[in-house]
Amino acid sequence: MSGRRLRALRALSNSAKERARTARPPRPAAPPAGEGEAPLEPRIADTAVAGVSSVMDAALYRDGRRIATPSSLAEAYAQLRAEPGAMAWIGLYRPTEAELVSLAKEFDLHPLALEDAIQAHQRPKLERYGETLFVVLRAARYLDAPEEVDFAELHIFVGPGFVLTVRHGAAPDLSAVRRRMESNPELLTLGPEAVLYAILDTVVDGYAPVVAGVEKDMEESEIQVFGGDPQVSRRIYELSQEVLEFQRATRPLVPMLDGLQAGFVKYGTDEELQRYLRDVADHVTHTIERVDGFRQALGDLLTLNATLVAQQQNAEMRALAEAGFEQNEEIKKISAWAAILFAPTLVGTIYGMNFDHMPELHWLLGYPFAIMLMGVVCVSLYLVFKRRGWL
């Protein structure tokens, strides 16, 4: 490595250490494990503490067959130097900054790619630095228990005679990729590019169960919508966010794969690998189309739910209005009869006063007159209320 490159790596290491002390969250005590999670590469456990390697598996290959299994990065470097023409495949899970800097010095990794691997939280992309490819992928897996999608970041360095994988989550299951490649020496003989394409294929194939899980959640949400579940709006919004994250993970794969295909002739890619990559591209296109359809369907489902909620609210308001109208009619009837009954009470109350000097008090026709007056007033009020529809 040149002196200028080494100084750049050291400066990057110092700045990244300072950021790590202030920004990076504490590293968990062990790799995540549990029901529904993809198993980690099983050979070396990651305790993620100082002084313990985060190497999950490391191997040297010649002619498609494993010839060495180093137990540390230093041992891998030494064995690789002692085996000219061999290919090293080193898998790491949440490595420390010191380990990444060590890999950068040994394999001449670009400082920008190293910085991305240290910081993580990168978008899916493909960068070429000289003879080294740096690939960032977003793997996904569907968790049945919480019914949600878990996304994990994977960084891959591919160069002459080496493949480095840096995982920042439980997915994908790279141990399965390694077993698959070791069981097919002819494919592994094609070199680091074959390993890259196998990892791409595994990540893309891992999207299929996620698509099925999201589709199932959407069907359940449709049932909730027509069932009037008040929590369905929140569920639809959560699904929309998962689908949006899914789009961010899959859409960049199209230009990435186009870039790899564009370099077939320039870099002399084997015809078998070309067919392999085209198959991966077909799967990516199919997945993107499904995910885009989910986004549209969720938007329509949210609109339908809003319409049904509005209709339900209108029906409730109409029922309240009808109940209020009926109550108002009853009140009018009660008020009308109260007024009718009040009129004779008023007349009787006046003539029931105990005064000596009152008009018509000693009149012979006073009693019939009072009864007639009460009747006339009651009939008049009844006719007035009847005409107005109160009775």
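FYI, side chains are in, hydrogens and waters are out, and symmetry mates aren't considered; it's all heavy atoms of this structure. All values derive from a computational prediction rather than experimental measurement.
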Pairs where residues 74-85 contributes a residue and the test salt bridge (charged side-chain N to carboxylate O under 4.0 Å, His left out) is met, not counting sequence neighbours: Arg62-Glu83, Arg81-Glu106
Please round to the nearest 0.5 Å and tell me the distance separating atom CZ of Arg234 and atom CG of Leu239. 12.0 Å
In chain order, what residues pass the ring pair (Phe, Tyr, Trp, His ring centres under 6.0 Å) check against Phe134, with sequence neighbours excluded? His155, Phe157
Can you confirm whether Gln261 is buried at CD, in the sense that more than 12 heavy atoms of other residues, nucleotides or ligands lie under 6.0 Å from that atom? yes
Residue pairs meeting side chain to side chain donor-acceptor pair (under 3.5 Å), one or both in residues 294-303, sequence neighbours left out, come to Gln247-Arg295, Gln296-Asp300
Roughly how far apart are Asp217 CG and Glu242 CD, rounded to 0.5 Å? 7.0 Å
On a heavy-atom basis, the closest approach of Ala139 and Pro172 is CB-CD, 3.7 Å
Would you say the side chain of Phe107 lies within less than 4.5 Å of the side chain of Thr132, judging by non-hydrogen atoms? no
side-chain contact (heavy atoms from CB on, under 4.5 Å) between His110 and Arg128: does it pass, once the steps are laid out? CA-CA 10 Å; His110 196 278; Arg128 183 177 291 276; over 6 Å; no
Heavy-atom side-chain proximity of Met87 to Val195 below 4.5 angstrom: yes
On a heavy-atom basis, the closest approach of Leu80 and Ala86 is CD1-O, 3.7 Å
ILVMFWY network linking Val384 to Val377, side-chain heavy atoms under 4.5 angstrom: no
Which value, rounded to the nearest 0.5 Å, describes the distance between Leu188 atom CG and Asp63 atom CG? 10.0 Å
For the residue pair Arg65 and Thr189, establish whether any side-chain heavy-atom pair is separated by less than 4.5 Å. no
Given side-chain contact (heavy atoms from CB on, under 4.5 Å), test Tyr142 with Asp144 step by step and report yes or no. CA-CA 6 Å; Tyr142 183 81; Asp144 291 323; 3.3 Å; yes
Is the closest side-chain donor-acceptor distance between Tyr61 and Glu182 under 3.5 Å? yes
Ile331 side chain reached by Gln327 side chain, heavy atoms, under 4.5 Å: yes
Taking every heavy atom of Arg251 against every heavy atom of Ile288, the minimum-distance pair comes out as CA-CD1, 3.9 Å
Taking the side chain as C-beta and beyond, is there a heavy-atom pair between Leu164 and Leu109 under 4.5 Å? yes
Is there a donor-acceptor contact under 3.5 Å from the side chain of Glu153 to the main chain of Gln122? yes
Any side-chain heavy-atom pair from Val135 and Ile199 closer than 4.5 angstrom? no
Should the pair Glu245-Arg138 be classified as a salt bridge under the 4.0 Å nitrogen-to-oxygen rule? yes
Nearest non-hydrogen partners of Arg235 and Ser221, listed with the distance: CG-OG, 3.6 Å
Rounded to the nearest 0.5 Å, what's the gap from CD1 on Ile156 to CG on Leu133? Could you check? 10.0 Å
Could you measure the distance from the OH atom of Tyr276 to the CG atom of Leu190? Nearest 0.5 Å is fine. 11.0 Å
Ring centroid separation Tyr207 to Phe246 under 6.0 Å: yes
Any heavy-atom pair between the side chains of Asp57 and Ser175 that's under 4.5 Å? no
For Ala98, does its backbone N or O pair with a side-chain atom of Ser102 as donor and acceptor, under 3.5 Å? no
Parallel, tilted or perpendicular, judged at 30° and 60°: which one describes the rings of Tyr382 and Trp337? tilted
Given side chains that start at C-beta, do those of Val214 and Val149 come closer than 4.5 Å, heavy atoms only? yes
Please say yes or no: joined through hydrophobic side-chain contacts below 4.5 Å, possibly via intermediate residues, are Val280 and Val254 part of one cluster? yes
Arg123: partners by salt bridge (Lys or Arg N to Asp or Glu O under 4.0 Å), with sequence neighbours left out: none
Should Arg290 and Glu215 count as an ion pair when the cut-off is N to O under 4.0 Å? yes
Step by step, would you call Glu219 with Lys216 a salt bridge (Lys or Arg N to Asp or Glu O under 4.0 Å)? CA-CA 5 Å; Glu219 292 174 355; Lys216 180 181 177 182; over 6 Å; no
Are Ile67 and Val55 connected in the hydrophobic side-chain network, where two residues link if heavy atoms are under 4.5 Å apart? yes
Determine, step by step, whether Val291 and Val243 satisfy the side-chain contact (heavy atoms from CB on, under 4.5 Å) criterion, reporting the C-alpha distance in whole Å, the side-chain angles of both residues, the deciding distance to 0.1 Å, and the verdict. CA-CA 7 Å; Val291 174; Val243 169; 3.8 Å; yes
With rounding to the nearest 0.5 angstrom, report the CG to CG distance, Leu137 to Leu126. 9.5 Å
For Tyr237, ring pair (Phe, Tyr, Trp, His ring centres under 6.0 Å) partners two or more places apart: none
Strictly by side chain to side chain donor-acceptor pair (under 3.5 Å), give each pair with a member in residues 193-203 just once, sequence neighbours left out. Arg180-Asp201
Taking it one step at a time, do Val163 and Leu196 satisfy side-chain contact (heavy atoms from CB on, under 4.5 Å)? CA-CA 8 Å; Val163 177; Leu196 172 62; over 6 Å; no
Side-chain heavy atoms nearer than 4.5 Å, only ILVMFWY residues, links allowed to pass through others: does that put Val166 and Leu112 together? yes
What do you reckon, is CZ of Arg278 surrounded by more than 12 foreign heavy atoms closer than 6.0 Å? yes
If only atom types and distance count, is the side chain of Glu99 paired as donor or acceptor with the main-chain N or O of Thr96 below 3.5 Å? yes
Common cluster, Phe151/Leu244, ILVMFWY with side-chain heavy-atom separation under 4.5 Å: no
